[in-house]
Amino acid sequence: MASKKLPESTQNLTYKIVQPGFKETVKTIDAACKEQQTLLKKRLAAIAQSGKDFKTSVAALERALNDLSQSLTPLIFMKYVSEDPKLREAADRCETAVDQMRIDIFGQEDLFLALKKAKASKEKLSPEDTKLMDEYLLSFKRNGLELSAAKRKEFLKKKKRIVQLESAFGKELIEWKDWCEFTKEELEGLPASFVERLEKTPKGKFKVTVKYPDYYPFMENAKNIEARRKLEEKFYNRGGAKNKARFAETLKLRHEAAKMLGYSSHAAFVLDDRMAKTPKAVSAFLDRITQRLVKRGKQDLKELLAAKKADLGEKNAKTFLSHDWRYYDNQIKKQKHQIDMQVIKEYFPLDVVNRGMFEIYETLLGVKFVEDKSIPSWHPSATPYRVVRDGKTVAIFFMDLFPREGKYGHAAAFTLIQGNLNDDGSYQLPMSSIVANFNPPTKDTPSLLEHGEVKTLFHEFGHIMHQVLTTAKWASFAGTSVKRDFVEAPSQMLENWVWETETLPKLSGHYKDPSKKLPKDQIDRLVKAKDLHVGVRYLRQLLFALLDQRYHTKPTADTTKVYADLSREIMMIPIPPKTLPEAGFGHLMGGYDSGYYGYLWSEVFAADMFTRFEKEGLLSSKVGADYLNWILRPGGTLEPMELIENFLGRKPNEEAFFKSIGLAEEKELGRGRKPGQELGTSR
């Protein structure tokens, strides 16, 4: 096991604040983007010419790149949150230009030689500095610096084209506008609050979009099967033929680039720098989980199909389709567990959930969250907060929680300013934002969250804490700059509080009378229903993970056919005909390529880490302090396994994960692995 030694402390320092004004125009973004790139080129030229030791090469490069990021990231962020399409276009141009410039930087032989010279000097460095040097050298090598000049040129051309395709793919999804028009009768089953907020067409019909705040409630509650089928088809066609073509070209280029570096596939290239290390290890991991889930998944589908038959009759319910499962899952929840999510929603008004969530995080992590509207923001609904520790502001974050035109359509945590130790000894004050799309308040009701949305909020806020409570010395290791297959674990661990009878009352309060908490019998039923159809839900995650690996271990693929075949094989539910689901799979073009397995991989560690809180107290400030010190603050300064082992005091295992999803008693273990077998020793 790793030795229990924290990285060098960066506590009790003066925090330096860099506060973006968020008053950008197209001209200011274009000008700043050009100016910062020009400045960076000058600094890089100086490093290449005179860099000879750690300070003049590695540290200088780190400072130069971080200064670029600090200047431009808040501007690029406008691509995801601005209501102005021209501003989004300018931010997109800047993001693409910066991403391509980074490829050029790590393709510069003179910079690589300067860093190699520093490495050869064998000067005595701290562990953090040594790790930074090694990570930079690895980045150069993974960007083709050990190829011949001609091959390097070809390699960099492929990488730049990939950046263009990824940017265009993401932009297509952000800008995508599609909807269905339904009559009042076709909306039967939807709550009145949902119907009231829908936009009406000139013909008096109701417009239901493919955006999440419309799509999920509709698919869970609309009784009309044909209406659900129509919306599902629209949803599965997001991104369209253009994104399908972009994705296929990207897969081809990724594979070719990996082969040029000597890897068998893009997956092999990516995983070489992850916890998992190899596609074989990922395959074995997914195989173990699949074998535990298949039996439960078949049982779930049998129950869901029976519910459909009871509803529509044997003749009209011969198969179970993708537009069925959310609806019948919700109906069974109501019937079997007497849980009506629309009623439960009334106990989760956003302001009450936020207060309760803040209280829990404050108790665990020893901080305070103070709303401060004097801090400039990009939109009136994006609320700024200061993070205060020992009377000192140590970070800033924003809550941008409601949908609007052109806004990023998922839920995510964006780093705006990375924490890092400055040359003058001050610490750069970190800044981040949650971006989500919860139901906005209406004239009669505040924003009300489904329990799943409470979980989403907890998860994303966990990312925010990881980002802003960092004390990493270098920006490259700050916050969520960790191995991609570990990055979800800290937030997944913190989701557990939305299922606990001790903490759920803190998060609830009826919107008409916040003193009325979610009743205990409702809490008990909600917790009991947690594992309802767990087989289908996790087989869906396995589908995505296996799909990702299948795409990225082959040179080419009929992307739609692969998706359709795996959906039938793994989830046992066909995709809607004449749809292109891969065209809307943003994760695989947004940083999770060959890494989607990481959600399940990290959830195993998250479940195991939670066992300490279960044993020592859900609101234990002592365990919370250990979590802060070992999991959140170091970021990527130490390897994930070292952080986990030191927090747990032992090696992690899979037992808690299977217990958490209700499969602790299953006997199908797969490949002879026993419950409790340690992780990290056989990969």
*May I ask you to decide if the ring planes of Phe647 and Phe613 are parallel, tilted or perpendicular, using 30° and 60° as cut-offs?*
tilted

*Taking side chain to side chain contact (heavy atoms under 4.5 Å, CB included) as the test, write out the residues that go with Pro349, two or more places apart.*
Asp351, Val352, Pro446, Leu448, Tyr511

*Could you please spell out the steps behind the side-chain hydrogen bond (donor to acceptor under 3.5 Å, both in side chains) verdict for Asp214 and Thr209?*
CA-CA 6 Å; Asp214 283 4; Thr209 73; 3.0 Å; yes

_Residues forming a side chain to side chain donor-acceptor pair (under 3.5 Å) with Arg355, sequence neighbours excluded_ = none

*For the residue pair Ile396 and Leu416, establish whether any side-chain heavy-atom pair is separated by less than 4.5 Å.*
no

*Asp548 side chain to Ser594 backbone, donor-acceptor under 3.5 Å*: yes

_Show the nearest heavy-atom pair for residues Leu518 and Ile523, with the distance to one decimal._
O-CD1, 3.5 Å

*Sequence neighbours excluded, which residues qualify as salt bridge (charged side-chain N to carboxylate O under 4.0 Å, His left out) partners of Lys211?*
none

_Using 30° and 60° as the class boundaries, would you call the ring planes of Phe235 and Tyr212 parallel, tilted or perpendicular?_
tilted

*Should the ring pair Trp378 and Phe398 be called parallel, tilted or perpendicular, given that the plane angle runs from 0 to 90° and is split at 30 and 60?*
tilted

*Give the minimum heavy-atom separation between Leu293 and Tyr538, together with the two atoms involved.*
CD1-CB, 3.4 Å

*Phe397-Phe461 aromatic ring centre distance below 6.0 Å*: yes

_So which atom in Thr470 and which in Gly479 form the shortest heavy-atom distance, rounded to 0.1 Å?_
OG1-N, 3.0 Å

*asked:* Show the nearest heavy-atom pair for residues Met572 and Gly297, with the distance to one decimal.
replied: CE-C, 4.2 Å

*Between Glu453 (side chain) and Glu450 (backbone), is there a donor-acceptor pair under 3.5 Å?*
yes

*Name of the residue among Glu654, Glu488, Met641 meeting side-chain contact (heavy atoms from CB on, under 4.5 Å) with Phe605*: Met641

*Within the side chain of Arg228, is there an N or O that forms a donor-acceptor pair under 3.5 Å with the backbone of Ala222?*
yes

*Any salt bridge between Arg274 and Asp485, counting N to O under 4.0 Å?*
no

*Supply the atom-to-atom distance Tyr216 OH to Asn221 CG, rounded to the nearest 0.5 angstrom.*
14.5 Å

*Among residues two or more places apart or on two chains, list those pairs meeting salt bridge (charged side-chain N to carboxylate O under 4.0 Å, His left out) that have a residue in residues 521-540.*
Lys520-Asp524, Asp521-Arg525

*asked:* Quick check: do Leu507 and Tyr347 have side-chain heavy atoms less than 4.5 Å from each other?
replied: no

*Mutual orientation of the aromatic rings belonging to Phe348 and His451 [parallel < 30°, tilted 30-60°, perpendicular > 60°]*: tilted

*Of all residues at least two apart in sequence or in a different chain, which pass the side chain to side chain contact (heavy atoms under 4.5 Å, CB included) check with Ser491?*
His459, His463

*Can you check whether Trp497 and Phe610 have ring centres sitting under 6.0 Å from each other?*
yes

*Considering residues at least two apart in sequence or located in another chain, which fulfil the side chain to side chain contact (heavy atoms under 4.5 Å, CB included) criterion with Ser447?*
Leu350, Phe402, Phe438, Pro441, Leu449

Could you tabulate the donor-acceptor pairs under 3.5 Å formed by side-chain atoms of residues 358-365, not counting sequence neighbours?
residue	atom	partner	partner atom	Å
Glu359	OE2	Lys506	NZ	2.9
Tyr361	OH	Phe458	O	2.9
Tyr361	OH	Gly462	N	3.4
Glu362	OE2	Phe369	N	2.8
Thr363	OG1	Glu359	O	2.8

*Go through the steps for Gln549 and Tyr596 under the test side-chain hydrogen bond (donor to acceptor under 3.5 Å, both in side chains), then give the verdict.*
CA-CA 8 Å; Gln549 292 299 305; Tyr596 200 93; over 6 Å; no

*Ignoring hydrogens and geometry, is there a side-chain-to-backbone donor-acceptor pair from Asp390 to Lys392 under 3.5 Å?*
no

*asked:* So, applying side-chain contact (heavy atoms from CB on, under 4.5 Å) with Met431, which one of Ile417, Thr415, Val387 is it?
replied: Ile417

*Is the backbone of Val81 close enough, under 3.5 Å, to the side chain of Arg404 for a donor and an acceptor to pair up by distance?*
yes

_For Trp325, is there any backbone N or O sitting under 3.5 Å from a side-chain donor or acceptor partner on Asp329?_
no

*Sub-3.5 Å donor-acceptor pair from the side chain of Thr456 to the main-chain atoms of Gly452, do we have one?*
yes

*Going by heavy atoms in the side chains, are Ile464 and Gln467 under 4.5 Å from each other?*
yes

*Sequence neighbours left out, what pairs pass salt bridge (charged side-chain N to carboxylate O under 4.0 Å, His left out) with at least one residue falling in residues 509-519?*
none

*asked:* To the closest 0.5 Å, what do you measure between CG (Leu542) and OG1 (Thr290)?
replied: 4.0 Å

*Report the residues that fulfil salt bridge (charged side-chain N to carboxylate O under 4.0 Å, His left out) with Asp372, sequence neighbours left out, ordered by chain and then residue number.*
Arg386

*So, Ser432 side chain and Val468 main chain: donor-acceptor pair closer than 3.5 Å or not?*
no

*Check salt bridge (charged side-chain N to carboxylate O under 4.0 Å, His left out) between Lys345 and all other residues, then give those that pass, not counting sequence neighbours.*
none

*Could you tell me whether Glu220 and Arg326 have a side-chain N and a carboxylate O separated by less than 4.0 Å?*
no

*Those residues that, when tested against Gln492, pass side chain to side chain donor-acceptor pair (under 3.5 Å) (two or more places apart)*: Ser602

*Qualifying residues under side chain to side chain contact (heavy atoms under 4.5 Å, CB included), relative to Gln335, sequence neighbours excluded*: Gln331

_Using side-chain heavy atoms (C-beta onward) and a distance below 4.5 Å, is Phe486 in contact with Ile631?_
yes

_Can you give me the closest heavy-atom contact between Val282 and Ala276, atom names plus distance?_
CG2-CB, 3.7 Å

*When the ring planes of Phe218 and Phe194 are compared, do they come out parallel, tilted or perpendicular, using 30° and 60° as the limits?*
tilted

*Just do the side chain to side chain contact (heavy atoms under 4.5 Å, CB included) check on Leu526 and Met341 with the steps written out, would you?*
CA-CA 9 Å; Leu526 188 67; Met341 287 301 182; 3.8 Å; yes

*So, does Asp340 use its side chain to make a donor-acceptor pair with the main chain of Lys334 at under 3.5 Å?*
no

*Parallel, tilted or perpendicular: which describes the rings of Tyr80 and Phe414, with under 30° parallel and over 60° perpendicular?*
tilted

_Under 3.5 Å donor-acceptor, Thr442 side chain and Thr445 backbone_ = yes

*Are the ring centres of Phe544 and Tyr599 closer than 6.0 Å?*
no

